[in-house]
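All heavy atoms count here, side chains included; hydrogens, waters and symmetry mates do not.
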Amino acid sequence: RNSQQADTEHLSRWKKWRRTSSKSLKKALSEIKGLSSYLVPWRHDLHSIEGKFGTGIQSYFSFLRFLVLLNFIIFILMFSFVTLPTIISKYGIFNSTIAYISPNNIEDICTIYEPSGNKGLVYFYTYLKDLLSGTGFLEVTSLFYGYYTIDAVWISVMRYNLPLAYLLATFAYLALSFLWIIKRSVEGFKHNLVHDADPFQSYCNKVFAGWDFCITDPNAARLKYRSLQYELQTDLQEEKLKQKIAERTMKEKICIYSLRIFINIIVIAILSGCFYSIYRVTVFSQENSNVSIRNDTRTDLNADNANSPVNLLVQYLPSIVITLANFIGPLIFSFLIRFEEYTPAFEIKLTLLRCVFVRLANIGVLLFSLWSQISDCGSDKCKPCGYNYKLYPCWESDVGQEMYKLMIFDFIVILAVALFVDFPRKLLVTHCSCKLIQWFGHKEFEISDNVLEIIYGQTICWIGTFFSPLLPAIATIKYFIIFYVKKIVLIHTRKPAARPIRASSSNFFFLVVLLIGLLLAFVPLGVSIAYIPSSKACGLFRNFSTSWEVIPDTILQFPTGLQQVFFGIASEAFAVPFFVI
């Protein structure tokens, strides 16, 4: 009996120690989490925006912060595994050496690549043109694919397979983006389920349990009060619209559905016109700008023509037309959707879907136009090399330059709209009593347009990183600056939304649209890696028929048993079900 009591006392002590340890660990983790929240970028800015403009607009800035972090990590990945080994080997750091493999069974004509790097006296305008278009001195830097010509790096006795690392780093940043977006989407989906399960319960939670009694700072209390106010306004607005929809007569339903069909026909016509214009402009630009750069720079007179503003305009023509389509299309869609009488949340979603189709499909049409030129094999243009080597001796760098131009031009347009449209409009409305100007009034912060801007830029970054490994660094800087530009524009030139938008549905839908952009980026990258012959005059894959061939070539160096495992994983019987799941 005494021994049983001793065992019981021993067990109770053990349980007490476990309970105490568990509480201590939870408390420590909670404190660490609380301290780490202070390290989150723009924490105070997001709280301030939430209090003044509601959780819907705050969700846009939170989304922008996520993309800054994502691009920074992608940049670290590409720089660490691709750019850094190249720099180390070229400067002989850590006793490293470079291994070059001479091209095998490749005709000499396919290996001719003369980048238009600047030589001799160069004018400031030429540097500016190169900075905007990615040509000249930028074309021969580590920014573009053509710079990387090393087959392997030897560090002491270790061989670093750079072509394999380049391809695996590409797969890694795509997989990282995919998994991270899925993780955040699931969190947003849970919030949507909680809200949609019982609207009355959601309303009661806000009224009776929405306040945080730990708040002691008056400013924080004011922000929390405004945030709850916006949420309740959103709930009441949605219920009012649902009641209005439920009370429609049959005649009103027929009228509204007929109007929606007519508006969708107009939308399809606008999309078709945009796609055809981009295709024609891209073909014209490539044929004229490449001829002037590749051929006309052989003489001093023609070199001046190649560096003329007209040539820069021709190079930027696809970017200009795409930007115009991206600017005009959403304006028309935002105007048309007012007549379709949807709820504010669904209005944002439908406008986003239409605009995302315009923006992402525009990129697709641009790439299709480029591929049609690269693979244009009429009159035996591709016979020796498998691609149009005369027009595109290093086609990967050319595609990278197009993505670079799209990103730079998109950034310039965002800044220009803020400086030359938003602020002048604010000054005119404030200081001019003209009825026409007052009718325009202060503009609301259009969430759908602003989200589309950054999703469009992010899709360009995902596609372009394979052709321009340091593009994520430019995207990180771009979004970092855009955060502050948009914040200043919001605070000084915008008015709060007349119809509040819920943050939970916005966050989830933003990520779904971003996921669509990522999945669409898989298509051009997959075609470029597995289908189009790699350039024989530049890059890491010049000794392979396609970029993908570096994978089976590496697997063939493994033991026989391991080869069978990898080829089994790569087979359609395994790969198709795996990707579907």
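- Under the side-chain contact (heavy atoms from CB on, under 4.5 Å) rule, I455 has a single partner from I516, I460, L514, L511, which is L514.
- The two residues A169 and F81 have their closest heavy-atom pair at CB-CB, 4.5 Å.
- Residue F544 qualifies as enclosed at atom CZ: its count of foreign heavy atoms under 6.0 Å is above 12.
- Side-chain contact of S397 with Y392: a donor-acceptor pair under 3.5 Å is absent, judged by distance alone.
- Between K478 and G457, the shortest heavy-atom contact is NZ-CA, 4.0 Å.
- Looking at heavy atoms from C-beta onward, Y160 lies out of side-chain contact with I88 at the 4.5 angstrom threshold.
- Between F483 and F61, the ring planes lie perpendicular to each other; the angle is over 60°, past the 30° to 60° tilted range.
- Residues V550 and L540 are not in side-chain contact: their nearest non-hydrogen atoms beyond the backbone lie 4.5 Å or more apart.
- K536 and P533 make their closest contact through NZ-CB, 4.3 Å (heavy atoms, listed as atom of the first residue, atom of the second, distance).
- Closest approach of L367 and P524 over heavy atoms only: CD1-CB, 3.5 Å.
- Side-chain atoms of P469 and Y166, non-hydrogen and from C-beta on, do get closer than 4.5 Å to each other.
- Taking the six-membered ring where tryptophan is involved, the planes of F522 and F178 are tilted, since the angle between them lies from 30° to 60°.
- Classified by interplanar angle (parallel below 30°, tilted 30° to 60°, perpendicular above 60°), the ring pair F466/F541 is parallel.
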- Query: So Y60 and I454, side-chain contact (heavy atoms from CB on, under 4.5 Å) or not? Walk me through it.
  - Reply: CA-CA 10 Å; Y60 161 77; I454 57 177; 3.8 Å; yes

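- The aromatic rings of H492 and F423 lie tilted to each other, with the angle between the two planes from 30° to 60°.
- Between L70 and the options Y479, F75, W462, Y173, a side-chain contact (heavy atoms from CB on, under 4.5 Å) holds for only W462.
- Here the side chains of F480 and T476 are not in contact, with every heavy-atom distance at 4.5 Å or above.
- When the ring-ring contact (aromatic ring centres under 6.0 Å, His included) test is applied to F333, no partner is found at least two apart in sequence or on another chain.
- The minimum heavy-atom distance linking A521 with I463 is given by the pair CB-CG1, 3.7 Å.
- Note that CG of D398 and CD of E139 are 7.0 Å apart. Values are rounded to the nearest 0.5 Å.
- At a threshold of 4.5 Å between non-hydrogen side-chain atoms, the residues E453 and I482 do not count as touching.
- When side chains are defined from C-beta on, I412 counts as touching L132, because their heavy atoms get closer than 4.5 Å.
- Using a 4.5 Å heavy-atom threshold, the side chains of L167 and P163 count as separate.
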Query - Verdict with reasoning, F275 to N362, per side-chain contact (heavy atoms from CB on, under 4.5 Å) - result: CA-CA 6 Å; F275 298 159; N362 285 347; 3.5 Å; yes

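- For the pair I73 and L176, the minimum side-chain heavy-atom distance is below 4.5 Å.
- Taking CD1 of I529 as the reference point, atom OG1 of T546 lies at 9.5 Å (rounded to 0.5 Å).
- Around atom OH of Y531, no more than 12 heavy atoms belonging to other residues, nucleotides or ligands sit under 6.0 Å away.
- Going from atom OG of S468 over to atom CD1 of I474 covers 6.0 Å, rounded to the nearest 0.5 Å.
- For the atom pair M78 CE and L470 CG, the distance stands at 8.0 Å (nearest 0.5 Å).
- Summarising the geometry, atom CE belonging to M403 is positioned 7.0 Å from atom CG belonging to L370; distances are rounded to the nearest 0.5 Å.
- Taking all atoms of both residues into account, the shortest heavy-atom contact from C538 to E396 is SG-OE1, 4.4 Å.
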| query | After noting the C-alpha distance and the side-chain angles of F467 and W395, does the key distance pass the side-chain contact (heavy atoms from CB on, under 4.5 Å) rule? | reply | CA-CA 9 Å; F467 309 103; W395 66 264; 3.8 Å; yes

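- No donor-acceptor pair under 3.5 Å is formed between the side chain of S62 and the backbone N or O of Q58.
- Between F144 and Y404, the ring planes are perpendicular. Angles over 60° get that label, and only those under 30° would be called parallel.
- Formation of a donor-acceptor pair under 3.5 Å by the Y148 side chain with backbone atoms of S142 is found in this model.
- Atom CG of L64 and atom NZ of K486 lie 9.5 Å apart (nearest 0.5 Å).
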* To do: Start with the C-alpha gap between N71 and Q458, add the side-chain angles, then the distance that decides, and say whether side-chain contact (heavy atoms from CB on, under 4.5 Å) holds.
  => CA-CA 9 Å; N71 282 298; Q458 187 57 41; 2.6 Å; yes

